[in-house]
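Working notes, structure below.
Every heavy atom of this structure was used, including side-chain atoms; hydrogens, water molecules and symmetry mates were not. In what follows, chains carry the letters A, B, and so on, assigned in the order in which the sequence lines appear, proteins first and then strands, with residues in each chain numbered from 1.
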2 protein chains.
Amino acid sequence: MNPHPFTLRQLQYAVAVADALSFRRAAERCHVSQPSLSAQLAQLEGVLGVRLFERDRRRVLPTTAGRDLVDRARRLLVAADEVQAAASGFIDPLSGVLRLGVIPTVSPYLLPDVTPALHRTFKRLNLRWLEDKTHALVAALDEGRVDGALLALEADLGDVEHEVIAIDRFVLVSPPDHELGRGQGPVTAAELREQPVLLLDDGHCFRAQALDVCTKSRAHELEFRATSLTTLVQMVAGGAGLTLLPSLAVAAELKRSKLKVRPVNAPGAQRTIALVWRKKSPLAAPLKQVAAVIRDAWP
Amino acid sequence: MNPHPFTLRQLQYAVAVADALSFRRAAERCHVSQPSLSAQLAQLEGVLGVRLFERDRRRVLPTTAGRDLVDRARRLLVAADEVQAAASGFIDPLSGVLRLGVIPTVSPYLLPDVTPALHRTFKRLNLRWLEDKTHALVAALDEGRVDGALLALEADLGDVEHEVIAIDRFVLVSPPDHELGRGQGPVTAAELREQPVLLLDDGHCFRAQALDVCTKSRAHELEFRATSLTTLVQMVAGGAGLTLLPSLAVAAELKRSKLKVRPVNAPGAQRTIALVWRKKSPLAAPLKQVAAVIRDAWP
DNA sequence: CGGATTCATAGATTGAGACTATCGATATCA
DNA sequence: TGATATCGATAGTCTCAATCTATGAATCCG
């Protein structure tokens with residue numbers, strides 16, 4: 001049982017330098033003077049016996065060893081934060097700050113209802129939402145920048161636990177005079193064949209899912225790619241083609257619109273919205289309670 | 001980027017107290033005075049806002065929060081050690097201390113050959129062997145007390161990576177005048193039926209495997225349980241019954257003995273000896289090299 | 001060239017963590 | 001019952017490690 005040769009603080013400094021690629025800026029971010037940070041890093045390199053950063057006068061570059069160490073250090077610091085969080089969890093799991101990620105195709109339609117509901121239920125809970133695409137949220141989750149995230153389970157999420165919120169079926173949006181707009185009941189895969197469909201930009205998990213429906217139904221994706229569901233709907237209203245929407249978005253996007261909406265009955269035409277968190281996160285229990293409230297607030 | 005509220009050292013102290021269940025003994029093991037350790041622990045409890053240990057005058061007991069924290073702290077400290085090890089790995093993976101576990105039914109038959117071979121190949125490698133039963137070695141591996149272990153893959157090993165060393169088939173040992181001793185070629189499951197067999201003590205993975213062979217072949221386990229393969233063989237020589245041995249042990253155990261040995265041709269009558277290590281261990285690469293040397297030295 | 005910016009070095013300051021000595025409470029045993 | 005040993009907590013002191021400011025040496029840019 002010997003004392004540890006390095007400190008958590010030294011690891012924080014190393015991570016900060018790797019992020020900032022500059023000793024001075026890293027020192028600022030850590031709220032210490034640049035010489036203090038230099039000294040600690042030198043000491044860390046000393047006890048490890050490896051040079052972690054190549055300091056050219058012009059720039060700072062992590063060595064192979066440095067990259068590896070910073071990677072490990074990140075995970076270590078997340079684990080250390082979790083020790084802290086776990087302890088707080090024993091005091092009161094549902095007070096303090098809870099940082100949650102949410103994808104753009106859910107956020108604007110769900111949060112207006114969910115946020116007040118959560119606030120009513122957990123008075124002392126201070127929620128911070130981060131809106132981004134799935135892959136960015138998964139990274140943020142892994143690095144401990146958020147405690148959980150509202151995502152579609154159909155995307156690639158890595159090693160997480162989850163609690164399902166709702167199944168969100170897809171609908172077809174078409175101009176009222178379009179042949180598919182005039183039909184009754186759910187749209188079938190056969191009806192979609194050869195139809196021109198507008199989709200979201202790359203990186204949205206809803207794009208991937210909608211594209212999958214199109215491929216399986218032999219529908220055609222049009223060239224144009226929208227950055228939001230609102231844009232998609234406006235394009236359809238302008239007669240540019242058809243589009244798919246998650247049911248969640250229908251109420252907000254099609255209020256006072258004359259566009260026709262029909263559920264889609266084709267393979268893969270739905271998504272499973274869930275609250276996910278890191279495996280073994282100490283916040284699992286409170287997050288499940290949060291998930292229950294979100295589920296109740298689902299439109 | 002705020003500085004961490006606690007230190008690795010404080011976590012070490014907490015783990016030491018949980019292990020020793022005494023402040024004084026924990027302090028000894030950490031090579032500090034008891035008041036220093038008390039102070040650090042009090043501070044840790046302070047920043048976490050939770051009492052970690054109930055100090056009755058008669059004994060020290062971890063609270064629920066304490067148990068949870070110590071658990072996390074253990075994993076954290078293993079990860080911290082691995083940062084250190086990873087750094088060493090960048091200097092010279094095959095120098096310095098390598099701590100390996102090995103099970104008792106392998107150790108005495110393999111190490112006499114393997115140790116010199118490893119020493120010849122990796123001159124600067126300082127090997128430390130820990131002999132224990134599988135479950136103890138798995139725990140030691142998980143807690144970072146050993147870097148790897150020589151085990152039978154048939155046992156329950158948890159989340160590890162491995163490199164196979166050899167398949168070790170089982171043989172039947174019988175007195176020369178026994179009916180099975182007079183047979184030729186491999187012993188079949190049918191021949192074993194109703195035969196009296198001597199096995200090892202509980203906890204040996206070889207006991208579990210040999211028992212499995214007996215069950216499937218309808219052989220009978222005798223009451224007596226030996227603590228070593230040597231004892232088993234002596235019992236057979238004394239006419240107490242038959243026994244199974246791994247091939248590995250045959251040369252050493254049956255030198256100058258008149259007992260009869262026949263390979264066993266029955267389901268499950270073999271074990272896969274492998275070198276295993278923690279998933280993502282930084283020592284994976286050097287351990288593979290070590291495994292290769294052990295494989296070459298296998299009799 | 002002159003000024004700005006980079007990381008490293010030097011020397012002073014302070015505070016965290018270590019030590020020894022001791023207290024108060026409890027368990028053990030004569 | 002009283003003596004003694006043992007436990008963790010407390011008090012007071014000391015020391016060194018981590019910080020700071022000031023400055024140096026090397027590079028980049030106008």
Phosphate oxygens OP1/OP2 of D:dC20: is one of them under 4.0 Å from a side-chain N or O of A:Ser36? yes
Interatomic distance, B:Leu37 CG vs C:dT20 P [rounded to whole Å]: 15 Å
Output the single nucleotide from C:dG17, C:dA21, D:dA22 whose closest atom is nearest the side chain of B:Thr7. C:dG17
Please answer whether the main-chain N or O of A:Leu200 pairs with a side-chain N or O of A:Arg207 as donor and acceptor at a distance below 3.5 Å. yes
Options C:dA18, C:dG17, C:dC7, nucleotide nearest the side-chain atoms of B:Gln43: C:dG17
Could you give the CZ-to-C1' distance, from A:Arg51 to C:dC7, as a whole number of Å? 11 Å
Taking N and O atoms by type only, does the side chain of B:Arg24 place a donor or acceptor under 3.5 Å from a partner on the base of D:dG8? yes
Under 4.0 Å, counting only non-hydrogen atoms across every strand here, what does B:Tyr13 touch: a base, just sugar-phosphate, or nothing? sugar-phosphate
Overall bend of the helix from C:dC1-D:dG30 to C:dA30-D:dT1 (five pairs an end, 10° steps) is 20°
Using whole Å, what does the distance between atom P of nucleotide D:dC7 and atom CG of B:Leu41 come to? 16 Å
Atom CG of B:Leu44 and atom P of C:dA16 are separated, to the nearest Å, by 16 Å
Rounded to whole Å, CG of B:Leu52 lies from C1' of D:dG8 at a distance of 16 Å
Let's see if you can work this out: which of D:dG8, C:dC19, C:dC7 has an atom nearest to the side-chain heavy atoms of B:Phe23? D:dG8
Could you tell me whether the side chains of B:Gln34 and B:Ser38 share a donor-acceptor contact shorter than 3.5 Å? yes
Atom pair distance, as rounded to whole Å: CZ in B:Phe53 and C1' in D:dC7: 16 Å
Spacing of A:Phe6 atom CZ relative to D:dA17 atom P, expressed in whole Å: 18 Å
Phosphate OP1/OP2 of D:dT6: any B:Arg25 side-chain N/O under 4.0 Å: no
Got a salt bridge between A:Asp71 and A:Arg67, using NZ or NE/NH1/NH2 to carboxylate O under 4.0 Å? no
Between A:Gln40 and D:dA18, is there a contact of a side-chain N or O with OP1 or OP2 at under 4.0 Å? yes
Distance below 4.0 Å between A:Arg9 side-chain N/O and D:dT19 OP1 or OP2: yes
Under 4.0 Å from OP1 or OP2 of C:dA8: is there any side-chain N or O of A:Ser38 that close? yes
Using a strict threshold of under 4.0 Å (side-chain N to carboxylate O), is an ion pair present between A:Arg225 and A:Asp201? no
What I want to find out is whether B:Arg24 reaches B:Glu28 closely enough, with some N-O distance under 4.0 Å, to be called a salt bridge. no
For a quick check of understanding: with a heavy-atom distance under 4.0 Å over all strands, which category does B:Gln34 fall into, base, sugar-phosphate or nothing? base
Backbone of B:Ile103 reached by a side-chain donor or acceptor of B:Ser107 within 3.5 Å: no
One thing to verify: whether B:Arg278 and B:Asp142 come together as a salt bridge, which I'm taking to mean a side-chain N less than 4.0 angstrom from a carboxylate O. no
Integer-rounded Å distance: D:dA18 C1' and A:His31 NE2: 18 Å
Between A:Arg51 and A:Glu45, does at least one N-O distance fall below 4.0 Å, as a salt bridge requires? yes
